[in-house]
2 protein chains.
Amino acid sequence: MRLPADQIEALTRIVGPAYVRDTRELASLDPGIDPHNFHADLLLQPASTAEVAAVLAYCHAQRIPVVPQGGRTGLSGGAATRAGQIALSLGRFDRIESFDALSRTAVVGAGVTLGALAARAALDGLSPGIDLGARDSATLGGMVSTNAGGVAAFRHGTMRERVLGLEAVLADGRVLAELGQVRKRNEGLAVERLLIGAEGTLGVITRLALALVPADGPVATALVALADLVAAATLCDRAQATGAATPTAIEVMSGNHAAAVCRALALTDFATLAAAPYLVLLELAAADAAGAEAALIELLGPAVESGLVLDAVVAQNEAQRHTMWRVREDWAIDRERPGGLWYDISVPLSVLPDYVLELEQRLAAHDPALGLVLIGHLADGNLHVTVNATQPITDRYEEIAPLVTDGLAGVGGSFSAEHGIGLEKKATLARLGGAPKQALMRGLKALYDPRGILNPGKVIPD
Amino acid sequence: MRLPADQIEALTRIVGPAYVRDTRELASLDPGIDPHNFHADLLLQPASTAEVAAVLAYCHAQRIPVVPQGGRTGLSGGAATRAGQIALSLGRFDRIESFDALSRTAVVGAGVTLGALAARAALDGLSPGIDLGARDSATLGGMVSTNAGGVAAFRHGTMRERVLGLEAVLADGRVLAELGQVRKRNEGLAVERLLIGAEGTLGVITRLALALVPADGPVATALVALADLVAAATLCDRAQATGAATPTAIEVMSGNHAAAVCRALALTDFATLAAAPYLVLLELAAADAAGAEAALIELLGPAVESGLVLDAVVAQNEAQRHTMWRVREDWAIDRERPGGLWYDISVPLSVLPDYVLELEQRLAAHDPALGLVLIGHLADGNLHVTVNATQPITDRYEEIAPLVTDGLAGVGGSFSAEHGIGLEKKATLARLGGAPKQALMRGLKALYDPRGILNPGKVIPD
């Protein structure tokens, strides 16, 4: 069912015709990761909190469903839309409103990208304390709404830990102005923090106060080959325990991932490393480049000698470092075997090697044709688990999900690490979420959004 | 109104008679900071989640008010009780249930003290990442319920950032089991995290999964005299920017606080320093003691030469370091001028010097007899503001509060930093809290605790 013309007119009056896109225009624009992001009837691009409030007050009154959108880089369908819905872009909230180097805080619009804040922070020797591959398109508002994680979470937490305060518009247009810029702020129930990770189901985040951290010094990078994940976990522990330098990345991948990248990009330098069962991309920072490299060699030398590490290459220049990151970030395996399934789990590091061994066994017992590819953020115990086959298996998500996810809660892990629930993991949440939690989720939704206009059908169990 | 005998009997059957204290017994026990902590009809000491669940299910059915208690070190009346109420102690949840050095996590009962966890963590070169004066009596459950802060929050966040997962019993006895032990865990709305800082108004926290951090190396400590808070903020910034060592404490105090301690304890060594308008206790950690001391001298030497710092003493041994901490932590001024008022605010570091100057002016204009004493955690912009006079002014809290708190939100600060709302700051919250927030707080209370049995009268606006 399409929105009636009078509603479209009313909404257009609020944000101005220049900032409305209809279905015809949306069809010609880039929808981001998920084509459904632009299946809405309208895309509205308000410029101010007052405009967002007016849009939501109107949609609340008229019961029009609204899907908030950031950089549209989400992987779980949290920004997907359909006919009869409005997509509400925060893209014009793209201003770093204040930057306080002494207090190490910034106040930003929800549409500022991570990359833009990182660039501003670097001018003062600071950093947002969070990093991920989509840094130049992911918006900070979207990252808060999904509680994004990334490469640096083991040091500075996920996006939740970066948020000092936020401003949001509630479903009925009221403004929740909780933009405190201090670490210690306990002013009763943290009603606004519930929006962190809520994927736009409870309110629309418009502005953020974020904590910054000192920028890291120069880094030294190595690609390390390991026989198994027990060795990888030990290396991870040692890297964090070294006092001489700060680990800034401890990324893990299975050999089949690295080998596929090396094949696809003809990276002959790393082909031997990529023949190992597992690789770790290890990056250490220190006050100067020589110190970082010395610390890296001090860590890896004895590890090679003792046999903990099979082999290691330390990047000799920026180009080689860049190539190592391509080995981690390229996704050649998905081009070789398209139509795989992607799960996103966490498991405590001490349990991770056994989890993977048992997962391999479960998959093999279920269907010997299934392949397993792992990449992840090792120190967080966060694995992106790809299950694939020679043919696409896109329609087998729910069939295979229990094999990947269902033992995790018992060992302190999670079936949903950093990509959010969106639409993709709703069935898993319904299967594994405790009954009291699911009841509270429904109650919270009814409290914050009594008419259910915000991102309907996402996250909240039916 | 007292609890009837049949209710006392029913509750006694649940926890066992050995773990019930009646009013007569409570009168002879130490109530902690606040005598009202033991004004309840009964103190119950359950030993298990099942017992807590049974107690709450019964109290929910019978509409009996329950006040959860940890170490009873709270400063805002959050654990205060009165006739007709039950105090529910988590003191027997005192077990470190698991400790995972590789994953850097611990699962603990809510009654484990911070000191006990710190001691266990130190055996593996780890730390809880949070520290405060009451470490040996404050329980981790209480610290989560009040979102405690302390000395290390500028590095590792407040208690909120230390919590990976938690188990809690809801008002009606249902158990919320969200004890994930990983940093990345996004399983829908964070219904359980709302209990962090809720001071026991939404549920009773029984068990916690906490993130640990690497322990700091040896420290070097200095007491530094400064002419004003602008200089103190600059020193704070430089201490955090030094790559050579890690600041582990940047505590600030006004000279009148330090001078009172020096008088009371006859600390003649520091009398000259304490004559300065402000002092900073600065502690740096490094891989070894010599490195920490070298970094401290490298930081302070140029600061003294340039006049940024008036004077500084570096502790030459553990005894002198201990004395410096006594200058910070002793409360001689309250013995000299008893009956002062204690406020607890945060303000961004860049604004802090102006805030204090204007506060001095407001107090002087309001009543020239009022004195001002400041101690605080400088890098967080967290000040404990004491207003006193030659006579006790205990009954003037609400009269003076607006002078201390009411400009703070506009500059990104907070009227309530790390001690919670409890009873003490309810009027301030009602005055300064936004209407949408207060409405949501009441709605959340009704959702989580529909009969209002949990810590009634605290935190939530009437």
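Letters A, B, ... are given to chains in the order of the sequence lines, protein chains preceding strands, and every chain is numbered from 1.
Contact annotation for B/P348: both backbone and side-chain heavy atoms come within less than 4.5 Å of a heavy atom of chain A. Neither the backbone nor the side chain of B/L126 comes within contact range of chain A; no heavy atom of the residue lies under 4.5 Å from a heavy atom of that chain. Using a 4.5 Å cut-off between heavy atoms, B/L202 touches chain A through its side chain atoms alone. If you measure heavy-atom distances from B/E178 to chain A, the contacts under 4.5 Å come from the side chain alone. Residue contact with chain A, scored on non-hydrogen atoms closer than 4.5 Å, is absent for B/V107. Using a 4.5 Å cut-off between heavy atoms, B/H377 touches chain A through its side chain atoms alone. In this structure, the portions of B/A198 lying under 4.5 Å from any heavy atom of chain A include both its backbone and its side chain. Heavy atoms of B/N382 lying under 4.5 Å from chain A belong exclusively to its side chain. Neither the backbone nor the side chain of B/S98 comes within less than 4.5 Å of any heavy atom of chain A. For B/L444, the parts sitting under 4.5 Å from any heavy atom of chain A are the backbone and the side chain alike. Of the atoms belonging to B/A190, heavy atoms from both backbone and side chain fall under 4.5 Å from chain A.
Residues passing the side-chain hydrogen bond (donor to acceptor under 3.5 Å, both in side chains) test with A/E187 are A/R185, B/S414, sequence neighbours excluded.
Counting only distance, with no hydrogens or angles, the side chain of B/N186 and the backbone of A/S416 share no donor-acceptor pair below 3.5 Å.
Against chain B, the residues from residues 148-160 of chain A that qualify, each with a non-hydrogen atom under 4.5 angstrom away, are A/G149, A/G150, A/A153, A/G157, A/T158, A/R160 in number order. By a heavy-atom distance cut of under 4.5 Å, A/P436, A/K437, A/A439, A/L440, A/M441 are the residues of residues 434-442 of chain A near chain B, going up by number.
Here the CD1-NZ distance, from A/I345 to B/K184, works out to 11.0 Å after rounding to the nearest 0.5 Å. Here B/L195 contributes atom CG and A/L189 contributes atom CG; the two are 9.0 Å apart, rounded to the nearest 0.5 Å. Distance check, rounded to the nearest 0.5 Å: CG of B/L408 to CD of A/Q181 gives 12.0 Å.
Crowding of A/E97 atom CD: a count of heavy atoms from other residues, nucleotides or ligands under 6.0 Å exceeding 12.
The residue among A/I196, A/L102, A/T105 with the most heavy atom pairs within less than 4.5 Å of chain B is A/L102. Per-residue heavy-atom pair counts under 4.5 Å with chain B were compared for A/L432, A/T146, A/L349, A/L164, and the maximum is reached by A/L349. Counting heavy-atom pairs closer than 4.5 Å to chain A, the top-ranked of the candidates B/L352, B/L176, B/V213 is B/L176.
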Please list every donor-acceptor pair under 3.5 Å in which a side-chain atom of residues 230-242 of chain B meets a protein atom from a residue at least two apart or in another chain.
unit_1	atom_1	unit_2	atom_2	d
B/T234	OG1	B/V230	O	3.0
B/D237	OD1	A/R104	NH2	3.2
B/T242	OG1	B/A244	N	3.2

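Under the 4.0 Å criterion applied to side-chain N and carboxylate O atoms, A/R183 and B/D380 are not assigned as salt-bridge partners.
The closest side-chain donor-acceptor pair between A/S350 and B/D100 falls under 3.5 angstrom.
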